[in-house]
Every structure is written in C-alpha cells, then in structure tokens.
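Presented below is the structure to which this report refers.
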Amino acid sequence: MKKMRLYRWMSWVLAFGALMTWIIPAENAMAETEWDEVVVESAPVILTPGDAYEEPEVSGEETEDVFATEHTQVEQILEDNLISTGITLNGEQRLYDFFGKFNEEEQEEISSWIIDREEEGGISIRVFVAGMAVEDEKYFLEECADALCDNGYAKEDLAIMLLNLDEDNRGVCIQGYGICETKLNDDRIEYILDDIIAWFLEDDYVYGVKLFAEEAAYYVTAEEEKESVGSVGIVIPADRSPQVPYYKDNSFKGKLNRMPWPFLVIAPMAVAGLGIFLMIQSNGSKKTTNNKTYMENETSGLTAQRDDYIRTSISRTYSPRSSGTSGGSRSGGRSSGGGGRSGGGRSHSGGSRRF
Amino acid sequence: MVLDFKCPQCGGGMEYDSELGKLQCRSCGFEQAVEDAPEIEEDDSVSVEPFDGGSIPDEAEFSNETEEKETSLYGEEQEFFCNSCGAAIVTEPEVSATHCPYCGSAVAFGERLQGKLAPDKVIPFTVSKEEAKAGFRKWAKNGLLTPKDFMTEKRLGEITGIYVPFWLYDMHVNAEADCSCTKKRSFRRGDYIIHETKHYHVYRRANLNYKKVPADASVKLDDTMMDLLEPYDYRRLRKFEPGYLAGFQAEKYGVDADGLLMRIKNRVSEYAQSYIKSTIKGYSTTTYNSQNIMEEKQQEYYTLLPVWLLKYEYKGESKIYAMNGQTGKVVGKPPISGARVAKWISILYGGSFAVLTLLSYFMV
C-alpha cells in the first residue's frame, strides 16, 4: 500500500510538471503567434479579378488638393534641407546629415560602416539627420525613399532611418522598402528601436546609427547561417538567444536548438509522468456495466416530454473589427507608427519612437 | 442433512464439469445430468411458532458475570458428518457446499439450501479451473506494471471455485424531471457580437424497467469487488439444482432481500437519472427545477453466481482476486513493480525526448 501511495505521489508530481511545461511554452507561443501574423500579413497579396483592390474614388480636384497640402510641405522640408545644407541626393552618400550633428570623421566612419553592412545584406541603407515635426517624419522618409529609388541612387530594397533632432520632437523613425518590408517588418523595427534608443539617450549617436545599420543587415540575412553579429564592439543584446523566433539558425546545432533546452528536458519528463500516472490509474479493473445493462428496452422509455419555448434574450458586446491593411503592411498595434505607402506608390513597413 | 454426489456406477465422488455441463465421476468418468443428482429431501421436522419471550416470566436468576464463549467471526461453526468417510466436517455457518477435508468428496448441506435458503436460480460455472488459472496468468502478464513473478503456477493452486449468493431484483422506476434549459449562440453584427439565449421549459417522464439487477448477499466478500465482476450473461441462468454445487464451494446468503433493497434502489435511481439526462439533448445549459424518482421492487430471485477466488500473498501483502466464473473477467488490483515503473519511465522519457529533438530539427 505504501508503495502504491509513493507511486501515486510520484505521478502527481510529474503530472504537475507536465502542466507547467505546457503552460510555459503556451505563453511563449503567444509571441510566435504575433510573429506568424506579421509574416502572413506582410506576404504579397494575390488579387483575383473579382476582388481586385480598388482605390477609393475621389474627385481629381480633391486628390490634388490633399496631395498638395500634405506632400508639398514635406517636399519643402526636404528641399529646404537640401538647399540650406548644400547636400545633394546621390548614389554615393549613405548619411545625409542636414542637422550638422556629425563631424566629417564621424560621417566617414558611419558611411563606411553602412557600406559594409549593405554588402552583407544586399540592400541599401540610408540615414537622414534632420529636424521637423513628428507628423512629418513618415512622409519625409517616404519622400526621401521615392527620390532615392526613382533616381537610381538606392536599391528598391531599402532600409531608411530618420534621426529627428528637433529640440521638441527628438525621435527616430525607420522604414523598410522592398525586401526590407518583410525582412524588416514592424516587429523587427520595434526590436531595433529597443536597442538603438538606449544609445541615443546616452548621446552616442554614432554607435546608435551604426547599430541600426548592423541590425538591419542582420535581420535581412537572418535566414542564412549566422549565430552572432558585430565585430567592432557592436553586439546584438544578450536576450537575442537562438530560440527567439524572429530568425532561424540553420546550422545542425541551431536546428536542434530550436526548442528551448528546458522544454526539451522537462517535456519528456512530463510525458513519462503522465504515462505512468495513466498506467497506475488503469491498473486494476474497470466497471463494465452502465445504465442500459439491466434496462429492458421493450418496456422502458419516455412516456411524456415537453420542450416549450419561453423567450429569447439578447445581449451585445462592442468588439470593433480590426481595420484592414493596405500596401501589405501591418498597421495598428504600435503606438509609434507602422507601415504605409509612399507618394510614389512604394509600400513599406515602419516604426518610430521618441527619446 | 448432508448431500453427497456418488457415482451410481462405481460409488466414486462426482463433480460438476463446466465443459460438459454435467456431473462426471472422478474415478470411472461416468456422466450424469445435473437434474438426476440427489435432491434435497423435504425437512419433516415439526414446524412451530416461536415463543413470545416477553410473556413468559423468569423462573430463576443468575449473575451476568459469565465467561464469553469464543465464536467464529461469522457466527458459530457447525459440525456435519461426511456420508462417504464418516469424518466430522466443521464449517462456518454461511457455507452451504464444500469438500470433505478427509476424503475430498463433494458435499452439500441440505439445511442451508432449503426453505427460505433454497436458491431460485443458478448460473453454472463455464470457466474451468484450468481456464481460470490461465486467465489469471494472462491478466497478470498483460499488466504493464505488474511484477514478472506475480501469479506463478504454484500459487495459483490455491484457487477456489465458489458460488456466491446474490439477490437479483426486477425493478420498476417512474422518473420525472422538470428543467429550465437554454440554447446559446453568438454572432457578429458590424462592430458588435450578439449573444442570443433562447429559454425553454423542458419536461420528461419515463417508465423504466430494470431486470435482474444483482447485489451480492455475502457478508464475507467485498461488495465493490463483486459489483466489478458484473455483468453475468443471464441467458445461462438455470433453475437451481444441488448438482451444480458438486465440486465447488457455495455460500448461503448473509443479508436477506430487504436488507439489500436500498442499495439496489440507489443504483436504479442513478440509472434512471442518467437515462433522463440522456433524453435532454441539444441544449447549452440544463437546470433541474425538480426531479422525482420512484423505485419499486417487482420481484427478487435468490441466485448463486459462479466466482473463482484467489487469495494471494505477495511480498507480505495478502490480496484477494476474483474472476467471473462465466465470462472470465478478472477483478483486483495487481501489485506494482518498481523495476517496471523505472523501465517505462525511461522508455517514455527517452522516446519523447527523441521525438521532440527530431521535431525541433524539422521545425520551420
């Protein structure tokens, strides 16, 4: 009897372990779910003739007016910056410092760093430093992206960052175009912002900008074999362990490590515990009679039944539909920004944060 | 009166053979139909009404401080004499058939099988002793956690075939239930989720008949164990003949039919509740406003049902295992082997670890 009790206790403990094992991964899975959503939503949308996307019908005049109001201002900002600083958009420059934040040495360091990262990622990376209102940031970057890509100064696969140093609107805005729209999706942009903001707060702008370029290239090449990044003191923070599901490590070891090791160790323990628990529970005899075993079917049954409808009560809860996305990017869920479409028709991902 | 089962041909002892369904002589193999075996003669003793003790005054007085006589657990043992060898057979009072411990002849005690104690029906053994042993061995072997040395041949020798007294009840049940039920559904309309609840008033009345619901009337055997032996196949139910007992032990009932009626009423009441519940379908929720269940006994049958019993000592622990003597179903909790538990833990752990590692490798 004592033995039986011991075994039963053992199985309860193991069963508890099982429960905990399933709960913990379930929590982690939530992050994965979000990631999955992002992947699905940012995948190219295939339209059939029947459900083709239709641009909202607005009169030509109105369109012109709206466009003129919104974009002329932004174009103006870009133009003003270009004129006032004497800088011209070109295929060579990686850092456009309209604010005069970086000295020549720093500019050179950053540019050469970005060029290396571009080679690594096979994309274009551009950084703009300027001062403007927060609401202009997104359009400013879209304008810059259109200007760069339309003139062939940058690839269509473009990761672009604005460092807004306006005294009242200090912040960073990042957008991803082309392949960067999916590789550098809103979630990953959030991760990048998490990392770089800390350096801007420490007034280490060079490091912050370089870290942006490093991480942008890192995420773009995330499916290739790559265990760590950074060679000149820039490192991806420690919590970017291989099990975090925003990139894949395809080495043999990496493949085996896709499940966190505590899960790999505890889950089998839980399976064994559950198995033994069930075996002990089923040890012995089971009841093989039920309420029909002794019932005489010919003389048994219902003699009367009623199912009278009385009334219907209705309650409702407000649950707005999640708004649809346009341009293949995720919108909503971020207080700091999101994707959109540039005036030149380029769809992009995005995110921004104040500091 | 002691009944014995003598071979009309050689005078040897006869026993009931579960395969033949007849009595067979152990010496010459002569076969005889059960109905032809000796019957219990009517008791010709004078029948009297018991005295009313209260109306008879004491005629003498004695001290209360008398020595208590030692009695057996279930009442006083009684002595009978074997018809074959003349030896004295001492039995517990509930035993109605057994073997003579000296000559091995099958004997039945007429006093315990007649009058109110006369069984109405019997289900004869269909599982022979050898089949029962094999059944126990197979059952032990199938147990994933059962020790290897459990149910060895040597220990299985102590297996006993016993006719256990049962009361079978025919019960009539009137069941009635009044319920409030709802059907719920939710659907979306624009930015709102609509929850619709339809309310119903539901009534069910059922007339149910349960036939031959068994309850064991033995005071020695565990009720739960006997319940687990069910069901018996009543198509093999026969009119009682003492010949069926030849070669087996038998007990007379220790609890009368009224004493077990409440147990049966509770059982059929549960059956009826579950029947009513099964007829209330298609609702999301059911709340019982009232439920009336009236059970009524129609008839009872005093019946002997066949059971193979095995008293088993394993590592200092004594356990009883039982087998349905008709269907072969085994009841009892086998011991658990620590080595086998360890083996299964390592198999399950190793197996699931390997599967998870593989899954991890192929994970997208």
Side-chain angles (χ1 to χ4, degrees), chain A residues 1 3-4 6-7 10-11 14 248 252 255-259 263-265 267-276 279-280 282-321, chain B residues 143-146 181 188-213 227-228 230-231 268 270-272 274-275 278-279 317 329-336 338 341 344-346 348-353 356-357 359-363:
Chain A
M1 287 303 281
K3 257 190 184 175
M4 281 289 289
L6 180 71
Y7 293 142
M10 271 170 60
S11 56
L14 290 169
K248 281 200 301 185
F252 180 73
K255 277 181 174 178
L256 286 181
N257 281 340
R258 275 179 197 163
M259 278 189 204
F263 179 76
L264 273 178
V265 172
M269 207 185 279
V271 171
L274 276 176
I276 291 292
M279 280 184 197
I280 290 174
S282 63
N283 188 42
S285 321
K286 284 182 193 69
K287 205 171 184 177
T288 42
T289 53
N290 56 37
N291 62 333
K292 301 229 168 111
T293 308
Y294 299 106
M295 194 169 87
E296 197 176 54
N297 292 322
E298 303 80 47
T299 59
S300 301
L302 286 178
T303 53
Q305 60 176 320
R306 293 279 181 283
D307 292 81
D308 293 346
Y309 167 73
I310 307 291
R311 66 186 165 83
T312 300
S313 62
I314 288 176
S315 66
R316 62 180 194 170
T317 48
Y318 182 66
S319 167
R321 284 175 198 273
Chain B
L144 296 172
L145 303 177
T146 313
C181 302
R188 177 178 278 281
R189 283 276 160 79
D191 280 347
Y192 288 91
I193 294 172
I194 312 292
H195 307 283
E196 183 191 84
T197 308
K198 287 186 173 176
H199 297 266
Y200 291 85
H201 188 197
V202 172
Y203 175 78
R204 296 284 185 274
R205 190 165 66 226
N207 213 323
L208 304 166
N209 285 300
Y210 294 96
K211 294 291 178 191
K212 299 186 181 64
V213 187
D227 287 350
L228 286 172
E230 295 172 28
V268 291
E270 278 173 27
Y271 286 168
S274 128
Y275 176 81
S278 72
T279 64
E317 277 186 50
K329 182 190 176 187
V330 179
V331 169
K333 269 203 176 294
I336 291 176
V341 169
W344 276 108
I345 285 181
S346 39
L348 289 171
Y349 188 92
S352 44
F353 183 82
L356 280 178
T357 311
L359 274 179
S360 161
Y361 187 84
F362 290 111
M363 231 162 84

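A, B, ... follow the sequence lines: proteins, then strands. Residue 1 opens every chain.
Cation-pi check for A:R306 over B:Y203 is not met; the charged atom does not lie both under 6.0 angstrom from the ring centroid and within 45 degrees of its normal.
The structure places CD1 of B:I336 at 4.5 Å from CD1 of A:I280, a figure rounded to the nearest 0.5 Å. In this structure, the separation between CG on A:D308 and SG on B:C181 is 11.0 Å, given to the nearest 0.5 Å. Rounded to the nearest 0.5 Å, atoms CD1 (A:I314) and OG1 (B:T197) are 8.5 Å apart. Between the CG atom in A:N290 and the CD atom in B:E270 there is a gap of 12.5 Å [rounded to 0.5 Å]. In this structure, the separation between CG on A:L264 and CG on B:L356 is 6.0 Å, given to the nearest 0.5 Å.
No other option in B:K329, B:K211, B:H199 has as many heavy-atom pairs under 4.5 Å with chain A as B:H199. Per-residue counts of heavy-atom pairs under 4.5 Å with chain A were compared for B:L208, B:L348, B:I194, B:I193; the largest is that of B:I193. In terms of non-hydrogen atom pairs under 4.5 Å with chain A, the most contact-rich of B:V330, B:D227, B:V213, B:V202 is B:V202. Taking chain A as the reference chain and counting heavy-atom pairs below 4.5 Å, the highest number among B:E196, B:K212, B:E230 is found for B:E230.
Between A:Y309 and B:Y200, the ring planes lie perpendicular to each other; the angle is over 60°, past the 30° to 60° tilted range.
Scanning all heavy atoms of the two residues, the minimum distance from B:G332 to A:S285 falls at N-OG, 2.9 Å. Pairing each heavy atom of B:Y349 with each of A:A272, the nearest pair is N-CB, 4.0 Å.
In this structure, the side chains of A:E296 and B:Y210 stay at 4.5 Å or more apart for every pair of heavy atoms. Looking at B:R205 and A:L302, their side chains never come closer than 4.5 Å, going by heavy atoms from C-beta outward.
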*Run the side chain to side chain contact (heavy atoms under 4.5 Å, CB included) check on B:Y271 and A:T293 step by step: do they pass?*
CA-CA 10 Å; B:Y271 286 168; A:T293 308; 5.7 Å; no

*Could you walk me through whether B:W344 and A:I276 pass the side chain to side chain contact (heavy atoms under 4.5 Å, CB included) test, one step at a time?*
CA-CA 7 Å; B:W344 276 108; A:I276 291 292; 3.6 Å; yes

_Verdict with reasoning, B:N209 to A:S300, per side chain to side chain donor-acceptor pair (under 3.5 Å)_ = CA-CA 6 Å; B:N209 285 300; A:S300 301; 4.6 Å; no

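Using modelled atom types, one side-chain atom of A:N283 and one backbone atom of B:P334 make a donor-acceptor pair closer than 3.5 Å. Judged by distance alone, with hydrogens and angles left aside, the side-chain atoms of A:R316 form no donor-acceptor pair with the main-chain N or O of B:R188 at under 3.5 Å. When atom types are taken as modelled, the side chain of A:T312 and the backbone of B:K198 share no donor-acceptor pair closer than 3.5 angstrom.
The pair B:R204-A:D307 counts as a salt bridge, with a side-chain nitrogen and a carboxylate oxygen less than 4.0 angstrom apart.
Looking at A:S315, both its backbone and its side chain come within 4.5 Å of chain B, counting heavy atoms on both sides.
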